[in-house]
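Heads up: the structure comes next, in structure tokens.
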Amino acid sequence: MATDAIHPQTHSHGAGSGAAHPFAPRPFVVTARTQETPDTVTLRLAPKLSGDRLSFKGGQFNMVYVFGVGESAISISGDTTHPEELVHTVRAVGKVTNALAALTPGAVVGIRGPYGQGWPLDSARGRDVVIVAGGLGLPPLRPTLYEIFRHRESFGRVEIIYGARTPKDLVFAEEVRTWLQRSDLRIQITVDAAGRDWNGDVGVVTVRIPDARFDAPNTTAFVCGPEIMMKFTAQALAQRGVPTESIWLSMERNMKCALGFCGHCQYGPSFVCRDGPCLPYKTLAPLLAVKEV
Amino acid sequence: MTATASEAIADRVLRHPFFVDIDPTLVHAMVSKAEERSYDVGEMLVHEGRPAEEFFLVIEGKIALEVGAGDRPGITVETIEKGEILGWSWLVAPYRWRFDARASKPTKVIAINAAAARYALAAHPAFGYHFLMKLLPVIADRLENTRVQLLDIHGH
Ligand SMILES: Cc1cc2nc3c(=O)[nH]c(=O)nc-3n(C[C@H](O)[C@H](O)[C@H](O)COP(=O)(O)OP(=O)(O)OC[C@H]3O[C@@H](n4cnc5c(N)ncnc54)[C@H](O)[C@@H]3O)c2cc1C
Ligand code: FES
């Protein structure tokens, strides 16, 4: 597995980065831009400094800095075995993400990271795995899916449930179509509403969980999407009997330092940047039940 | 319908997940006018506003439930599949469909006559109670799902 288990305060940036200040962004150049949906793009980036590379673990994120605009936390959506290429999938929702989504090849951004603990894939070995992604929740799960595909024999049944608002909000559509051809996993795709040109499933992701094929007590689940989607999904998984310590959610909180210093991203007892973003439902359940944390 | 055809349908109904633990003698009373039907992709099973004269057990395929949106094409808000039951408008006055249903894959259903079903439910109250207690969780689940859908969980 090409995953340096990187702790945020002790991570190494690979050759070329030297002993850079942890706040100092490293320059990366946009090499390709793919429009995924009307408001979402995937950017491929290469380090500007020769020999630089960014080893990461599925579920980790970078702080991506658009010069003159600002910085945002963005998950890494590429392949852990290709640390020489950085991939980010961005939905334009505000100032920084709109600027990021508008970048074209040749543009330079600053990267700090990778940060966070990522998905605990090792804890899923020998068990069934359920991956539930809502909308833009698929990109942070994709590196881990690649890992699972590469080491498929190390896992039991693999069930992927992918939901989005409408068919046009499904990202990585072509790639997901290739996953549908695989006989070693089951993938259910559902949207909340659709026109007549869609002949797939319609209904919220939680509806797919009772029929999903996994042995609940022996299952690890990785869930990523909007918080409310993760809350309902985790409840449905727990109701099926998946142990709450084996249900992992990727939490989003506003980030500033991303280094565990400023406390901006505090969620209950955890700093999302340092302890998360992937956290067990067992810890999160009482917090998710509260309206504002 | 011949007795044998009727038996064959009753047999299929009894194997449908919704009916598995329901008393066979009462199922026979309910399905006296039931028939098996096939629909091609795009064919309508029910039309919003029309009398709900039957309900359906899905044997194969997929059915899209659509809500009319004035002059725009219908929007699919839910899909129903093999093993599920379609429709309860036949149980609630004024017995009219509240949505359109269209086959989105080649689909096979058993259509059960609503008047015969209502009569069987009323004539056999214990059966009626059991039947409604099986239908209620389906309705409750769909209500819960609609609530989650209304929260627009992917739009956040
Ligand atoms: C660990 C982590 C990983 C993330 N991974 C990704 C990723 O892979 N891709 C990605 O596109 N985003 C990701 N995000 C979210 C991203 O960081 C924010 O969308 C971004 O910081 C918003 O900054 P902005 O300047 O564009 O918006 P702002 O100008 O700060 O906000 C503009 C508007 O957008 C709303 N908004 C802010 N954040 C979000 C949000 N997350 N979703 C919807 N609306 C929002 C605000 O409420 C406000 O109304 C991640 C966040 C975290 C914490
Ligand atoms: S962002 Fe500063 S502590 Fe997490």
For residues 94-118 of chain B, the ring-ring contact (aromatic ring centres under 6.0 Å, His included) pairs (sequence neighbours left out) are B:W97-B:F99
More than 12 non-hydrogen atoms from neighbouring residues, nucleotides or ligands closer than 6.0 Å to [atom1] on [X], yes or no?
X: B:D21; atom1: CG; answer: yes
X: A:Q239; atom1: CD; answer: no
X: A:E174; atom1: CD; answer: no
X: B:R50; atom1: CZ; answer: no
X: B:K134; atom1: NZ; answer: yes
X: A:R213; atom1: CZ; answer: no

Kindly determine whether B:E81 and A:D201 satisfy side chain to side chain contact (heavy atoms under 4.5 Å, CB included), including the steps that lead there. CA-CA 9 Å; B:E81 289 179 13; A:D201 289 334; 2.7 Å; yes
Residue-level interface, residues 114-126 of chain B with chain A, non-hydrogen cut-off under 4.5 Å:
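Within residues 114-126 of chain B, near chain A: nothing under 4.5 Å.
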field: Test ring pair (Phe, Tyr, Trp, His ring centres under 6.0 Å) applied to B:F55 - qualifying residues, sequence neighbours left out
entry: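 With sequence neighbours excluded, B:F55 shows a ring pair (Phe, Tyr, Trp, His ring centres under 6.0 Å) to B:W90, given in chain and number order.
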Looking only at heavy atoms, the pair that brings B:K62 and A:N199 closest together is CD-O, 3.9 Å
In short, B:N145 meets A:V204 closest at the heavy-atom pair O-CG2, 4.1 Å
Within residues 185-194 of chain A, contacts to chain B at heavy-atom distances under 4.5 Å involve A:D192, A:A193, A:A194
Highest number of heavy-atom pairs under 4.5 Å with chain B among A:V202, A:T206, A:D169 belongs to A:V202
Any idea which of A:V207, A:D211, A:T166 has the most non-hydrogen atom pairs under 4.5 angstrom with chain B?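 Of the candidates given, the most pairs with chain B belong to A:V207.
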*Identify which of B:V77, B:I80, B:V148 forms the greatest number of heavy-atom pairs closer than 4.5 Å to chain A.*
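Highest number of pairs under 4.5 Å: B:V148.
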Counting heavy-atom pairs under 4.5 angstrom with chain A, the leader among B:E144, B:K105, B:E66 is B:E66
